[in-house]
Trainee: 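Below you will find the structure I want to go over with you.
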Amino acid sequence: TQGTDGQADLQVYDVFKKTLVKTYSIAAPTAFSQPVVFSPDGKYAALLPQLINLQTEEVSTLKGATGSAVFTTNNQALLFASPQGMQRFDLASKQQQSLDLKLPANCRATVAEDFSADQQRLAFASLCTNDPETLAIVSFLDEKTGQWQRNLNLAKP
């Protein structure tokens, strides 16, 4: 919820007990259009560009974070898009690094992401501009570790 003086409250509810678990004070996002994403172990919540440790209440601001966030299933990293491409934020070391998705320079804007039905892969679709043949490239990553596996070119119709 929007607060005052550039602050907002992130309220976490237990939907089974129908009770408020905790309220976290965070910097108000520029828009509340981002979904809140929880880590599989429930220790973190991401409301980009912020990552909240729900146990310690520490808030990290992720540089250049846009779009939505995806946690790896091993609870070690958060993956998200930025103007510099896909980023990996290591939850233990709090280090942010660019992921090499082996994309051409004209394919950078990540527009969609999803998990495979078998929970083995993450897919990130990146739009390509000024390319007469390629509309987008879908990058597949290992869902557990976030490591790049391969790309699939989507041709223009």
Trainee: Taking N75's backbone N and O only, do any of them form a donor-acceptor pair with D41's side chain (distance below 3.5 Å, no angle check)?
Mentor: no

Trainee: I need the minimum non-hydrogen distance between S25 and V59, along with the two atoms involved.
Mentor: O-CG2, 4.4 Å

Trainee: Is any side-chain heavy atom of F80 less than 4.5 Å from a side-chain heavy atom of Q96?
Mentor: yes

Trainee: Using a 6.0 Å cut-off, check whether atom NZ of K156 has over 12 heavy atoms from anything other than its own residue.
Mentor: yes

Trainee: Taking all heavy atoms of A46 and all of A69, pick out the closest pair and write down the distance.
Mentor: CB-CB, 3.9 Å

Trainee: Taking all atoms of both residues into account, what is the closest heavy-atom pair of N53 and Y24, and its distance?
Mentor: O-CE2, 4.5 Å

Trainee: For the residue pair R88 and L79, establish whether any side-chain heavy-atom pair is separated by less than 4.5 Å.
Mentor: yes

Trainee: To the nearest 0.5 Å, what is the distance between CG (L101) and CH2 (W148)?
Mentor: 8.5 Å

Trainee: Do Q76 and L91 come close enough that some side-chain heavy atom pair is under 4.5 Å?
Mentor: no

Trainee: Give every donor-acceptor pair under 3.5 Å between a side-chain atom in residues 132-147 and any protein atom, sequence neighbours left out.
Mentor:
residue : atom : partner : partner atom : Å
S139    : OG   : N151    : OD1          : 2.8
D142    : OD1  : K144    : N            : 2.8
D142    : OD1  : T145    : N            : 2.9
D142    : OD1  : T145    : OG1          : 3.3
T145    : OG1  : Q147    : N            : 3.3

Trainee: Mind checking the CG-CG spacing from L47 to L62? Nearest 0.5 Å is all I need.
Mentor: 10.5 Å

Trainee: Return yes if some donor-acceptor pair links the side-chain N/O of N106 with the main-chain N/O of T129 below 3.5 Å, else return no.
Mentor: yes

Trainee: Do Q87 and S98 have side-chain heavy atoms sitting under 4.5 Å apart?
Mentor: yes

Trainee: Look up atom CZ in F71 and atom OG in S39, then write down how far apart they are to the nearest 0.5 Å.
Mentor: 5.0 Å

Trainee: How long is the gap from CZ on F38 to CD1 on I52, to the nearest 0.5 Å?
Mentor: 8.5 Å

Trainee: Going by heavy atoms in the side chains, are F89 and K94 under 4.5 Å from each other?
Mentor: yes

Trainee: In terms of hydrophobic clustering (I, L, V, M, F, W, Y; side-chain heavy atoms under 4.5 Å; direct or indirect links), are I26 and V21 co-clustered?
Mentor: yes

Trainee: Kindly compute the distance separating OG1 (T19) from OH (Y13), expressed to the nearest 0.5 Å.
Mentor: 9.5 Å

Trainee: Nearest 0.5 Å, what's the CG-SG distance between N153 and C107?
Mentor: 7.5 Å

Trainee: Within the 4.5 Å heavy-atom criterion, are L54 and K22 side-chain neighbours or not?
Mentor: no

Trainee: Sequence neighbours excluded, which residues qualify as salt bridge (Lys or Arg N to Asp or Glu O under 4.0 Å) partners of D100?
Mentor: K102

